[in-house]
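Here the structure is a predicted model, which is why all the values come from computation and not from measurement.
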Amino acid sequence: MAQAAGMSVPTFCKKQAQGARMTPPKIDREGAFEMARQLRAIGNNVNQLSKRANEGAAVPKEEVQRIEKELHALWQQFNSAIQK
């Protein structure tokens, strides 16, 4: 939260303790919808892999790594959006 507010952690904590109002960073509406869509797609993939694993089928390591990369890319996109 301190990084998103553009200040150091001690400064951020001090301002919070003093009761300063901190406004959350804004993300444009279209960007938020796109990130939500991507997150739903990743969630669907995870659910499918979980179902296969619970049925006793092998889950390819490459699939898990692909999902991790997608999630990491989405996280980077989110961080970029809040820092603008």
Side-chain angles (χ1 to χ4, degrees):
M1 290 175 67
Q3 184 181 15
M7 57 183 75
S8 68
V9 173
T11 302
F12 180 82
C13 292
K14 183 178 179 181
K15 294 226 182 249
Q16 285 288 91
Q18 293 172 340
R21 287 191 62 177
M22 308 296 270
T23 57
K26 304 265 190 250
I27 299 176
D28 69 286
R29 185 175 174 85
E30 290 302 316
F33 282 131
E34 177 59 24
M35 284 186 240
R37 185 194 65 75
Q38 291 176 10
L39 192 55
R40 278 191 303 275
I42 292 170
N44 287 339
N45 290 340
V46 170
N47 285 339
Q48 290 171 2
L49 289 178
S50 298
K51 182 179 178 188
R52 285 175 41 193
N54 286 331
E55 291 172 346
V59 175
K61 187 175 183 177
E62 297 80 23
E63 281 292 310
V64 175
Q65 290 172 340
R66 183 184 60 77
I67 291 171
E68 286 177 343
K69 285 180 184 177
E70 288 176 6
L71 191 55
H72 180 71
L74 183 60
W75 183 250
Q76 294 300 324
Q77 182 182 354
F78 176 74
N79 282 331
S80 296
I82 65 170
Q83 291 178 7
K84 289 182 181 179

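Note: the hydrophobic cluster containing V46 also contains L74 (ILVMFWY, side chain heavy atoms under 4.5 Å, direct or indirect links). In this structure, F33 is not a member of the same hydrophobic cluster as L39, with clusters built from ILVMFWY side-chain heavy atoms closer than 4.5 Å.
Contacts classified as salt bridge (Lys or Arg N to Asp or Glu O under 4.0 Å) and involving residues 33-50 (residues at least two apart or in different chains) are given here: E34-R37. The list of side-chain hydrogen bond (donor to acceptor under 3.5 Å, both in side chains) pairs with a residue in residues 60-69, not counting sequence neighbours, reads E63-R66, R66-E70. Listed by first then second residue, pairs satisfying ring-ring contact (aromatic ring centres under 6.0 Å, His included) with a partner in residues 55-77 read W75-F78, not counting sequence neighbours. Residue pairs meeting the salt bridge (Lys or Arg N to Asp or Glu O under 4.0 Å) criterion with at least one member in residues 42-55, sequence neighbours excluded, do not occur.
Going from atom CG of N47 over to atom CG of N54 covers 10.5 Å, rounded to the nearest 0.5 Å. A distance of 11.0 Å separates CG of N44 from CG of L49, quoted to the nearest 0.5 Å.
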Check residues 5-18 and write down every donor-acceptor pair under 3.5 Å in which the side-chain atom is one partner and the other belongs to a residue at least two apart or another chain.
from: S8; atom 1: OG; to: T11; atom 2: N; distance (Å): 3.3
from: S8; atom 1: OG; to: T11; atom 2: OG1; distance (Å): 2.8

